[in-house]
Amino acid sequence: MLQILSEHPCFNGIQAYYRHDSRTTGLPMQFSVFHPPVEEKELVPVLFYLAGLTCTEETFMIKAGAQRIAAQLGIMLVTCDTSPRDTGIPGADQDWDFGHGAGFYLDATEAPWSKHFRMESYVTDELHELIFSEFNADAERTGIFGHSMGGHGALVLALRHPDKYKSVSAFAPVTAPSHCPWGQNAFSRYLGHDGNQWLEHDASALMKHRQTPFPHGILIDQGLGDTFLHEQLLPEQFEQACSAAGQPLTLRRHEGYDHGYYFISTFVEDHLAFHHRVLNAA
Ligand SMILES: N[C@@H](CCC(=O)N[C@@H](CSC=O)C(=O)NCC(=O)O)C(=O)O
């Protein structure tokens with residue numbers, strides 16, 4: 001059963017927070033929805049946003065300033081938490097880049113993580129179904145975007161579930177997790193040491209084997225003042241993979257911008273406009 005935690009009028013729509021008992025993670029999960037005003041009258045397109053390390057379902061809604069544009073364009077925004085919480089797993093709160101707040105949007109296969117850390121199934125199945133069964137949302141017009149670890153999640157989930165997402169974009173995504181310390185640490189502990197399993201959750205590796213699944217292109221914004229750029233994010237690897245696969249990609253590099261939400265709030269309008277155009281294309 002869906003519990004409403006709070007509702008806030010916002011740009012003539014409603015910013016709402018919810019909790020439910022998740023069958024997928026086996027624990028209560030919280031998520032957030034911005035309901036645009038037009039949802040009262042008609043089915044609206046939906047954009048799922050996946051946040052980065054240490055974030056929750058609140059972070060984007062509080063910091064990105066996306067609701068004004070979403071209200072104008074008539075887009076529903078959905079954000080979820082970045083992992084299950086209160087799992088009781090020893091060490092799950094120890095690191096900021098692994099465990100609680102760092103689910104990497106995959107289904108862990110390794111104990112003890114595999115019992116609760118099932119964020120890919122949570123986002124693509126359970127939360128997906130919940131949104132379309134509970135709200136006036138159009139499953140035929142659904143996109144996904146995200147930031148950093150959540151940018152990795154958006155790219156990988158879009159590539160692995162092209163039937164569910166018609167548009168995809170990212171801010172400063174982790175694009176080649178098999179080749180960066182955040183990804184290597186998380187994948188070895190969540191997925192074990194079989195490199196083939198890692199490649200199934202690596203956007204640059206997945207892109208090499210896909211044939212232009214997103215004909216309207218992929219949008220990525222990346223700040224050049226981002227301290228994680230060269231060690232963790234590696235956008236050039238995704239750029240090369242898209243080029244080899246014939247996937248149209250707009251990768252915009254912005255002088256001076258860092259990794260934080262001032263960067264995201266600067267370019268979020270462009271992302272919503274991009275998804276609006278793609279989702280409403282014939
Ligand atoms: N260690 C720091 C920094 C954590 C951080 O920068 N998190 C980013 C995402 S990084 C990749 O996924 C973030 O979005 N933070 C939220 C914010 O409001 O900026 C820490 O623990 O804070």
Side-chain angles (χ1 to χ4, degrees), residues 15 17 30-32 34 47-67 77-85 91-106 108 113 117 119-120 122-123 144-158 168-191 198 201-204 219-238 251 253-254 256-268 271:
Q15 177 64 55
Y17 292 89
Q30 294 188 182
F31 67 93
S32 171
F34 173 68
L47 256 186
F48 287 84
Y49 177 87
L50 305 181
L53 296 165
T54 71
C55 294
T56 71
E57 72 284 356
E58 273 191 308
T59 313
F60 176 82
M61 296 303 195
I62 291 174
K63 292 190 168 185
Q67 290 92 338
L77 299 172
V78 179
T79 64
C80 61
D81 205 347
T82 49
S83 77
R85 303 279 171 176
D93 276 327
Q94 198 170 300
D95 303 313
W96 68 272
D97 55 0
F98 180 77
H100 294 157
F104 276 82
Y105 303 102
L106 51 74
W113 311 102
F117 281 72
M119 290 301 290
E120 175 171 7
Y122 177 71
V123 172
I144 190 163
F145 67 148
H147 169 230
S148 196
M149 174 187 72
H152 141 78
L155 295 172
V156 168
L157 296 191
V168 58
S169 74
F171 303 96
V174 174
T175 71
S178 306
H179 296 278
C180 76
W182 282 342
Q184 290 166 342
N185 178 46
F187 283 11
S188 60
R189 296 165 78 183
Y190 288 140
L191 299 173
W198 292 23
H201 300 275
D202 181 309
S204 298
L219 172 63
I220 292 180
D221 278 306
Q222 175 62 59
L224 294 179
D226 185 330
T227 52
F228 297 123
L229 174 57
H230 300 298
E231 191 183 12
Q232 305 285 5
L233 308 177
L234 314 175
E236 62 283 353
Q237 294 208 20
F238 191 65
L251 171 53
R253 294 173 165 92
H254 303 281
Y257 282 91
D258 64 21
H259 197 63
Y261 270 80
Y262 296 117
F263 158 65
I264 293 173
S265 63
T266 303
F267 299 106
V268 74
H271 284 246

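Counting convention: from 1, in listed order, for ligands and their atoms alike. On a predicted model such as this, the values are computed, not experimentally measured, just so you know.
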*Could you list which atoms of ligand 1 come closer than 4.0 Å to a heavy atom of His259?*
10 (S), 11 (C)
*Looking only at protein heavy atoms, which one is nearest to atom 17 (C) of ligand 1, and how far off is it?*
Lys63 NZ, 3.6 Å
*Between Asp221 and His271, do the side chains contain an N or O donor and an N or O acceptor separated by less than 3.5 Å?*
yes
*Side chain of Thr82, backbone of Cys55: donor and acceptor closer than 3.5 Å?*
yes
*Parallel, tilted or perpendicular: which describes the rings of Trp113 and Phe98, with under 30° parallel and over 60° perpendicular?*
perpendicular
*Have Ser32 and Gln15 got a donor and an acceptor in their side chains that come within less than 3.5 Å?*
yes
*asked:* With heavy-atom distances below 4.0 Å as the criterion, list the atoms of ligand 1 near Met149.
replied: 11 (C), 12 (O)
*Which ligand 1 atoms does Tyr261 reach within 4.0 Å, using its non-hydrogen atoms?*
14 (O), 17 (C), 18 (O), 19 (O)
*Among Phe267, Tyr261, Phe263, the one residue meeting ring-ring contact (aromatic ring centres under 6.0 Å, His included) with His147*: Tyr261
*Would you mind running through ligand 1 and noting each atom that sits below 4.0 Å from a heavy atom of Trp182?*
10 (S), 11 (C)
_Nearest non-hydrogen protein atom, atom 4 (C) of ligand 1_ = Trp96 CZ3, 3.5 Å
*Taking the inter-plane angle between the rings of Trp96 and Trp182 on a 0 to 90° scale, is it parallel (under 30°), tilted (30 to 60°) or perpendicular (over 60°)?*
perpendicular
*Report the nearest protein non-hydrogen atom to atom 22 (O) of ligand 1: residue, atom name, distance rounded to 0.1 Å.*
Thr54 OG1, 4.4 Å
*Which is closest to atom 10 (S) of ligand 1 in terms of heavy atoms, Ala172, Cys55, Gly52, Ser148?*
Ser148
*What protein heavy atom is closest to atom 6 (O) of ligand 1, reported as residue, atom name and distance in Å?*
Phe228 CE1, 4.0 Å
_For a 4.5 angstrom cut-off between non-hydrogen side-chain atoms, does Leu191 reach Trp198?_
yes
*Where is the nearest protein heavy atom to atom 7 (N) of ligand 1: which residue, which atom, and how far?*
Leu53 O, 3.0 Å
